[in-house]
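Data block below; observations after.
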Amino acid sequence: MGKNIDWSNLGFGYIKTDYRFISNYKDGKWDNGELSTNSQVVLEESAGVLQYAQTCFEGLKAYRTVHNKIVCFRPDLNAKRMSDSCKRLEMPVYPEEKFVEAVEKVVKANEDYVPPYGTGATLYLRPYMFGSNNVIGVKPADEYQFRIFTTPVGPYFKGGAKPIVVRISDFDRAAPKGTGHIKAGLNYAMSLHAIIDAHKQGFNENIYLDPATRTKIEETGGANIIFVTKDKKVITPKSNTILPSITRRSLMYVAEHYLGLKTEEREIHLEELKDFTECALCGTAAVLSPVGKIVDHGKEIVLPSGMNEMGEITKNLYDTLTGIQMGRIEAPKGWIKVIA
Ligand code: PLP
Ligand code: COI
């Protein structure tokens with residue numbers, strides 16, 4: 001562990017690591033790809049990504065387990081979701097098995113940056129792809145670059161397990177038949193104004209409503225949402241305009257198969273919020289961040305779990321999921337990819 005980093009006090013920020021994986025697509029095919037120490041991207045002035053935002057990305061983490069192994073969590077699902085994003089954006093798919101191989105290579109190469117077990121930090125991986133050659137008419141590029149960089153991170157929300165306050169947003173993040181279900185950079189560009197505005201008003205995040213009727217809960221700018229009902233059911237919004245979170249899919253499985261809870265993916269209406277006992281945001285970056293209060297245009301909905309600690313079921317879900325990721329609890333088959 002040669003790196004001089006204060007692992008336990010990391011926030012969610014960018015720290016340059018030694019290697020990144022780079023592969024180029026030209027003349028209809030991907031090259032073999034390689035690791036590089038050069039963190040800079042040099043592009044033509046009219047590159048597709050710069051003009052028409054032709055780019056998508058992924059996010060996953062490498063963990064150091066209690067047994068001092070380095071593992072990734074379900075990277076095959078990130079590979080699949082990236083291929084779905086690419087198809088929707090008219091970009092060439094990066095082959096899913098090569099994606100997982102690239103994950104393995106880049107984590108191995110940056111092994112010294114995988115934070116020690118017990119520090120609460122992890123190595124975040126950011127796979128991404130963009131149109132790299134000149135375009136000027138509105139059309140897809142025909143050359144692309146796929147890259148993965150890594151950066152050690154701490155909690156996404158300052159304070160870690162402390163409940164956050166979110167507001168119901170007046171902005172939409174996705175159109176009914178738009179790109180809400182894929183991980184396109186453009187979904188995040190249009191959320192920037194909304195998040196700055198939310199922060200100015202004292203909120204940690206925005207909850208977006210369904211864009212068609214603005215009556216149903218969707219997700220936040222960077223995470224899906226789960227709720228716990230009075231009869232201890234774990235529920236989460238069903239919608240085809242939200243990102244299909246890998247963390248959420250895993251938590252629903254954990255709720256059912258490890259904790260013996262009932263789960264349901266269904267439409268969740270704004271007026272139901274007052275009836276829930278717990279709420280949390282889930283994602284690779286957010287992990288499972290408890291929500292203490294939801295503010296809907298001045299109306300405050302304080303979750304019974306309160307502003308001081310995680311609700312009981314949220315805590316059980318959090319402990320089980322992170323236990324699986326950190327090797328303390330046996331994982332379902334295929335969830336853990338051992339890298340070193
Ligand atoms: N929703 C949005 C908008 C996100 O950016 C993310 C982060 O990746 C998620 C949900 C959570 O997805 P996952 O659990 O696959 O990281
Ligand atoms: C992730 O959780 O990996 C994301 O991409 C969310 C992002 C807002 C950091």
Side-chain angles (χ1 to χ4, degrees), residues 10-15 55-63 72-85 88 99 103 121-129 147-158 164 166 169 171-175 178-192 194-196 198-199 204-211 217-226 236-255 265 279-289 291 317-318 321-322 324-325 335 337:
L10 286 177
F12 197 88
Y14 174 81
I15 295 172
T55 178
C56 62
F57 70 100
E58 271 304 321
L60 69 158
K61 284 173 170 172
Y63 307 80
C72 277
F73 185 69
R74 312 187 79 179
D76 51 318
L77 299 188
N78 294 96
K80 168 70 173 73
R81 190 170 62 191
M82 187 147 188
S83 98
D84 293 341
S85 297
R88 178 63 175 80
F99 178 107
V103 162
T122 49
L123 187 70
Y124 184 71
L125 276 71
R126 175 50 63 86
Y128 60 115
M129 192 194 293
R147 301 174 73 105
I148 309 179
F149 71 76
T150 69
T151 186
V153 295
Y156 191 67
F157 294 105
K158 247 200 264 142
I164 57 170
V166 298
S169 172
F171 299 100
D172 291 325
R173 81 172 269 286
T179 54
H181 60 300
I182 60 161
K183 216 160 162 57
L186 60 92
N187 293 342
Y188 298 81
M190 47 70 50
S191 76
L192 296 177
I195 192 67
I196 292 297
H199 287 164
N204 298 96
E205 252 291 5
N206 288 296
I207 289 187
Y208 294 99
L209 299 178
D210 74 295
I217 303 295
E218 293 245 295
E219 62 172 329
T220 67
N224 278 183
I225 308 180
I226 61 159
T236 192
K238 186 178 179 69
S239 161
N240 51 20
T241 46
I242 66 178
L243 192 77
S245 158
I246 294 160
T247 312
R248 172 171 97 155
R249 277 176 263 170
S250 307
L251 285 167
M252 297 304 267
Y253 184 93
V254 161
E265 190 181 339
C279 171
L281 309 187
C282 63
T284 298
V287 191
L288 191 59
S289 300
V291 173
L317 285 168
Y318 178 90
L321 179 71
T322 54
I324 289 170
Q325 291 166 334
W335 279 24
K337 168 108 193 143

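Remember, it's 1-based here, ligands and their atoms both numbered in the order they're listed. Worth saying up front: this structure is predicted, and the values here are computed from it rather than measured.
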Just let me know how Arg126 lines up against ligand 2, side chain, backbone, both or neither, with a heavy-atom cut-off below 4.0 Å. side chain

Test ring-ring contact (aromatic ring centres under 6.0 Å, His included) applied to Phe57 and Tyr128, Tyr124, Tyr188, the passing residue: Tyr188

Do the side chains of Lys80 and Asp84 get close enough for a salt bridge, i.e. N-O under 4.0 angstrom? yes

Around Tyr318, counting heavy atoms of other residues, nucleotides and ligands shown, do more than 12 lie under 6.0 Å from its OH? no

Give the contacting part of Lys183 toward ligand 2: side chain, backbone, both or neither, where contact means a heavy-atom distance below 4.0 Å. side chain

Going by the side chain to side chain donor-acceptor pair (under 3.5 Å) test, name the single residue among Arg126, Lys183, Arg81 that passes it with Glu58. Arg81

Taking atom 8 (C) of ligand 2 as the reference point, the nearest protein heavy atom with its distance: Tyr156 OH, 3.4 Å

What residue and atom, counting heavy atoms only, is the protein's closest point to atom 3 (O) of ligand 2, and at what distance? Tyr124 OH, 2.6 Å

Rounded to the nearest 0.5 Å, how far apart are CG of Leu243 and CZ of Arg248? 9.5 Å

Quick check for students: name every N or O atom pair between ligand 1 and the protein closer than 3.5 Å, with distances.
| from | atom 1 | to | atom 2 | distance (Å) |
| --- | --- | --- | --- | --- |
| ligand 1 | 1 (N) | Glu219 | OE1 | 2.5 |
| ligand 1 | 5 (O) | Lys183 | NZ | 3.0 |
| ligand 1 | 5 (O) | Tyr188 | OH | 2.5 |
| ligand 1 | 8 (O) | Lys183 | NZ | 2.9 |
| ligand 1 | 12 (O) | Ser245 | OG | 3.4 |
| ligand 1 | 14 (O) | Ser245 | OG | 2.6 |
| ligand 1 | 14 (O) | Ile246 | N | 3.2 |
| ligand 1 | 14 (O) | Thr247 | N | 2.8 |
| ligand 1 | 14 (O) | Thr247 | OG1 | 2.5 |
| ligand 1 | 15 (O) | Arg81 | NH1 | 2.8 |
| ligand 1 | 15 (O) | Arg81 | NH2 | 3.0 |
| ligand 1 | 15 (O) | Ile246 | N | 2.8 |
| ligand 1 | 16 (O) | Thr284 | N | 2.9 |
| ligand 1 | 16 (O) | Thr284 | OG1 | 2.6 |

Under 4.0 Å from one or more heavy atoms of Ala285, ligand 2 contributes atoms 1 (C), 2 (O), 9 (C)

Using 0.5 Å steps for rounding, measure from the CG atom of Leu192 to the CZ atom of Phe171. 11.5 Å

Quick one: pull up CG in Leu77 and CH2 in Trp335 and give me the separation to the nearest 0.5 Å. 9.5 Å

Hey, does the side chain of Lys61 reach the backbone of Thr284 with a donor-acceptor pair shorter than 3.5 angstrom? yes

Taking 4.0 angstrom as the limit and counting only heavy atoms of Phe57, give me the atoms of ligand 2 inside it, by number and element. 5 (O)

Separation between CZ of Phe99 and CG of Asp76, rounded to the nearest 0.5 Å: 9.5 Å

The closest protein heavy-atom partner of atom 6 (C) of ligand 2 is Gly222 O, 3.7 Å

